[in-house]
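Some notes on the structure that comes next.
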Amino acid sequence: MPVYKRNDLAKLYNSVTRGDIAQFYLVFGERYLCRQAIGELVDRLLPDPKTHRNQIHHIDGDQEDFSKTLNLIRTYSLFPGRRLFRVIDSKLFFSKGVARTLWDKAAKAMAAKQPDKAGRYLGQMLESAGPAAVKLDQREIGALAAARWKNLFGFAKPKADLAWVKELPERKAAKAEQVQVAGGDAADLFINAFTAGIPTDNILILAAEAVDKRKRLYKFVEQQGVVIDLAVDSGGSSAARKNQEAVIKELVRNTLAGFDKKLAPRAEAILLERVGFHPVAAVLETEKLALSVGKATTITPADVDAVIGRTREEALYELTDAFTRQQLDRALLIAARLQENGIHALVILATLRNHIRKLLLLRSFQEAAEPRYSRGMSFPAFQRDYLPNLKTVRNDWDSLWQGHPYALYMQFLQAEKFSRPLLQSALRRLLEAEYRLKGSAVPGPLILENLLLALIRPPAEARRPSV
């Protein structure tokens, strides 16, 4: 069967509604999109919501007993109708190919002060790497040589301080045979079970944020079941940003369709700029907009400003300006006001991230050997000599040079105030704050306040300019 992408989902849903149903579904990619797709799939497989409680078996992949799941899907039900077995965060696709994803999850969980969760992800990473990694003492992981790390896990050892690994709760070491089952034999058992045949009304749905497409199980599902690929490139390339924007546009429009409303073109542009690539925030803010306009069918830029806050120039720009000027009191006041005006915390983070990324880009230009940049360069010299040479050397950034030269000159002066290590550290702190907002019980305003305290009172050594 074909692999279904995000744009193919309507076709898949229609085929399921018509009765073209597989017994094995794999859904992987961006977490929110996966949960949304599985919800739609379940609604079509079990049209009567009243039956969901008795006919859906929810299985946590982190705690999954493979033999128990296999026994369940092989067993006939005493009651009529379909039975769905939904496994979230399945381990069946463990391999070195997903070790990096599991490490990132562990680091993010620790940054969010969730050591138990971080320890679980770390254990999964070790299991994914095989018996040799499982035998490691947890305290030895951070001290591994770079070559040994790369050999075990398949990716370069992070340069950051890994002392936090020692602080994690002692994990229960998996036995070598358990690792083998998780990484290989269990997948083979599932393949054998579906090849031999399971009860017609039993359907297995596996969900994962990342999969190794080289695994035999993946190829089996691709051939005998249905694969739904909802992966979204999280990079900063033009193609990645275009893909991210397409995802958010679709979520916004689908949400508005449920309210029988639409966005004016300019209003859509403003909304997309403010929410960034945050699917959950995009849906929540769109719902707020739809409810706020009452019977009106078209949402205008004024409506967006009224619900999500003032214009970027009047509000979000003020926050970035306060960061640039290192004005803590002002930044805290503006952040509180933005949230009071209804701007989602993730939108505030996206604005800060975009601003800091641009400062970091300009800072990298300033540190380049060619063309040479001088601190305190006058605007005439910048416009006459430096900017034309920079455009020639960095013609891959044409979109950056479209603004007024003086505005760009002022941004270069702002970038002078920060060292590259400080800006890089700021981006790391923003990422940590984002994951706390998404997965922590700590109130959003408190997370933002702590973030601003960290960003605007950086260590003295990071504040010193490097040019």
Side-chain angles (χ1 to χ4, degrees), residues 100 104 107-108 111 146 155-164 234-238 240-241 276-277 316-317 319-328 331 348-379 381-382 385-401 403 405-435 448 450-467:
R100 177 58 184 267
D104 289 342
K108 291 166 186 174
F155 65 96
K157 182 180 179 181
K159 296 181 180 180
D161 184 6
L162 304 184
W164 58 268
S234 59
S237 67
S238 176
R241 291 195 299 270
F277 185 64
L316 294 174
Y317 172 78
L319 183 60
T320 60
D321 183 65
F323 166 80
T324 302
R325 296 174 183 272
Q326 294 287 277
Q327 297 173 336
L328 179 61
I348 298 174
L349 286 188
T351 300
L352 283 170
R353 181 171 58 251
N354 291 338
H355 179 66
I356 293 172
R357 278 178 175 173
K358 189 167 187 178
L359 290 177
L360 182 58
L361 176 64
L362 299 183
R363 198 73 185 87
S364 69
F365 291 161
Q366 292 172 356
E367 294 182 358
E370 182 65 28
R372 180 66 180 171
Y373 179 85
S374 301
R375 283 183 57 82
M377 179 185 297
S378 67
F379 174 64
F382 177 89
D385 301 320
Y386 179 75
L387 186 56
N389 290 333
L390 182 61
K391 289 180 179 180
T392 301
V393 173
R394 298 309 306 263
N395 56 14
D396 52 337
W397 288 95
D398 287 344
S399 61
L400 188 62
W401 319 130
Y406 187 75
L408 189 59
Y409 170 70
M410 294 304 296
Q411 291 171 350
F412 266 79
L413 293 183
Q414 291 176 354
E416 282 185 10
K417 300 176 181 178
F418 301 91
S419 70
R420 182 164 39 81
L422 181 140
L423 294 172
Q424 292 171 328
S425 174
L427 287 177
R428 286 193 293 270
R429 289 182 182 277
L430 279 163
L431 182 60
E432 292 169 359
E434 180 177 337
Y435 279 95
L448 282 176
N450 287 335
L451 172 66
L452 291 172
L453 286 168
L455 293 182
I456 299 182
R457 290 183 175 175
E461 61 271 19
R463 189 183 299 118
R464 287 197 297 265
S466 57
V467 172

- Close side-chain approach of Gln327 to Ile456, heavy-atom, < 4.5 Å: no
- Message: Any heavy-atom pair between the side chains of Phe412 and Leu390 that's under 4.5 Å?
- Response: yes
What's the shortest heavy-atom distance between [X] and [Y], and which atoms?
X      : Y      : result
Leu349 : Leu430 : CD2-CD2, 3.7 Å
Lys417 : Thr324 : CD-O, 4.0 Å
Pro371 : Val393 : CD-CG2, 4.0 Å
Ala415 : Gln366 : CB-NE2, 3.8 Å
Leu359 : Gln414 : CD2-CB, 4.1 Å
Arg363 : Phe418 : NE-O, 2.5 Å

- Message: For Tyr373 and Phe365: C-alpha separation, side-chain torsions, deciding distance, then whether ring pair (Phe, Tyr, Trp, His ring centres under 6.0 Å) applies.
- Response: CA-CA 8 Å; Tyr373 179 85; Phe365 291 161; over 10 Å; no
Gap between atom [atom2] of [Y] and atom [atom1] of [X] - 0.5 Å precision:
X      : Y      : atom1 : atom2 : result
Leu352 : Arg357 : CG    : CZ    : 12.0 Å
Arg375 : Leu413 : CZ    : CG    : 9.5 Å
Glu370 : Thr392 : CD    : OG1   : 10.0 Å

- Sub-3.5 Å donor-acceptor pair from the side chain of Ser374 to the main-chain atoms of Met377, do we have one? no
- Message: If we ignore hydrogens and angles and just use 3.5 Å, is the side chain of Arg429 paired with the main-chain N or O of Leu455 as donor and acceptor?
- Response: no
- Message: Classify the ring geometry of Tyr386 against Phe382: parallel below 30°, tilted from 30° to 60°, perpendicular beyond 60°.
- Response: tilted
- Message: Show, in sequence, the C-alpha distance, side-chain angles and deciding distance for Leu387 and Leu408, and conclude whether the side chain to side chain contact (heavy atoms under 4.5 Å, CB included) test is met.
- Response: CA-CA 9 Å; Leu387 186 56; Leu408 189 59; 3.6 Å; yes
